[in-house]
Structures are given as C-alpha cells and as structure tokens.
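Keep in mind that this is a model prediction, so the values were computed, not measured. We name chains A, B, ... by the order of the sequence lines, and we start the count at 1 in each one.
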Amino acid sequence: MMQKEKKTVTDFQEKVYAAVKRIPQGKVTTYKLLAKEVRCKSSQAVGQALKRNPFAPMVPCHRVILSDLSIGGFAGQTHGEEITRKQMLLKQEGILFDNGKLCDIGQIHYS
DNA sequence: TCTGTGACCGCTG
DNA sequence: ACAGCGGCCACAG
C-alpha cells in the first residue's frame, strides 16, 4: 500500500528537474523545449518549478533560457545583477551571449 | 474551493 | 523593432 508522504516537491517538479539535469554541460535549452520533455503544454509552469527550485546547486537551471534565446531570469529576478551572474555562469560553460541574446544558436540542446 | 501570480509563448498592430 | 493582449499550466495562500 502506498502511504501518502508529504512531499514538498510534486511529481511535475521532479520531472522538470530531471530534464534539466539531463542537459549536457556546454549546452542550453529553452523553457518550451523543456516543457515538451515533461509533456507540458505550458512552459510557464516549468519556469515556476525552476524558480521554486529546491535543488539550487543540484539543478543547472542557468542552462535554461527563453525560446526567444534571451537570458531569461535567475534567482527569482527577470532583471538585475543576478541575471549578469547567470550570464557569467554560462560563459564558463562556453556559452556566450550577445546583447542579452544567445550568440551560438547551435548550442541549444534539442530533444 | 477559488483567485492571483509567474525565471513563458505567440500573435497582432 | 517594440508594445499590448490573451492563453496556457501549476502552485501558494
């Protein structure tokens, strides 16, 4: 029998985190693509999962960007120094941004 | 149970 | 190129 445990994280979130962890280093993905991985029609729900990301250092949420190839958000902010931090993290992964847009389109991890 | 909100997406003007 | 609007799903209070 399945005892109901009080899970702070829902199955949906686990699915999202699993997909993010699947992203190879030096590559990026978009919320929409990620949503596709979890069979979700809304990428916004995916964004919420990352925002609430309880596995901050465990999940490379900085590898997730907008479908518009823009940097997106980070640390719960859509703009600010934290965003610059995200850009720097990506730079260390070998991913460069140009004027807030992804420079190397070929670095996107397609499903 | 209902409502508001969000690290979004796409179209239209 | 930019701004506005609606739609979409999941979560918190």
Cut-off 3.5 Å, no hydrogens considered: what does the side-chain donor-acceptor table look like for residues 69-88 of chain A, sequence neighbours left out?
residue, atom, partner, partner atom, Å
A:K86, NZ, A:V64, O, 2.9
A:K86, NZ, A:I71, O, 2.9
A:K86, NZ, A:G73, O, 2.9

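Put simply, chain A comes within 4.0 Å of DNA chain C, heavy atom to any atom, from C:dC8 to C:dA12, going 5' to 3'.
Sorted by first and then second residue, the pairs that involve residues 18-72 of chain A and meet ring-ring contact (aromatic ring centres under 6.0 Å, His included), not counting sequence neighbours, are A:Y17-A:F55. Listed by first then second residue, pairs satisfying salt bridge (Lys or Arg N to Asp or Glu O under 4.0 Å) with a partner in residues 25-39 of chain A read A:R22-A:E37, not counting sequence neighbours. Each salt bridge (Lys or Arg N to Asp or Glu O under 4.0 Å) pair with one or both residues in residues 87-106 of chain A, not counting sequence neighbours, appears once here: A:R63-A:E93, A:D68-A:K101.
A heavy-atom distance below 4.0 Å to DNA chain B is reached by none of the residues of residues 99-110 of chain A. DNA chain B lies under 4.0 Å from no heavy atom of any residue of residues 21-29 of chain A.
A:R52 is linked by a side-chain hydrogen bond (donor to acceptor under 3.5 Å, both in side chains) to nothing, counting only residues two or more places apart in sequence or in another chain. Scanning for side-chain contact (heavy atoms from CB on, under 4.5 Å) contacts around A:K15 gives A:V38, with sequence neighbours left out.
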B/S/- along nucleotides 8-13 of chain B (protein heavy atoms under 4.0 Å) is BSS---
Given the rule that a pair is Watson-Crick or G-U wobble with both distances under 3.5 Å, how would you write DNA chain C in dot-bracket, using | for pairs to a different strand?
.||||||.|||||
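From A:S67, atom OG reaches atom CG of A:L34 across 10.0 Å, with rounding to the nearest 0.5 Å. Atom CZ of residue A:F97 and atom CD1 of residue A:I65 lie 4.5 Å apart, to the nearest 0.5 angstrom.
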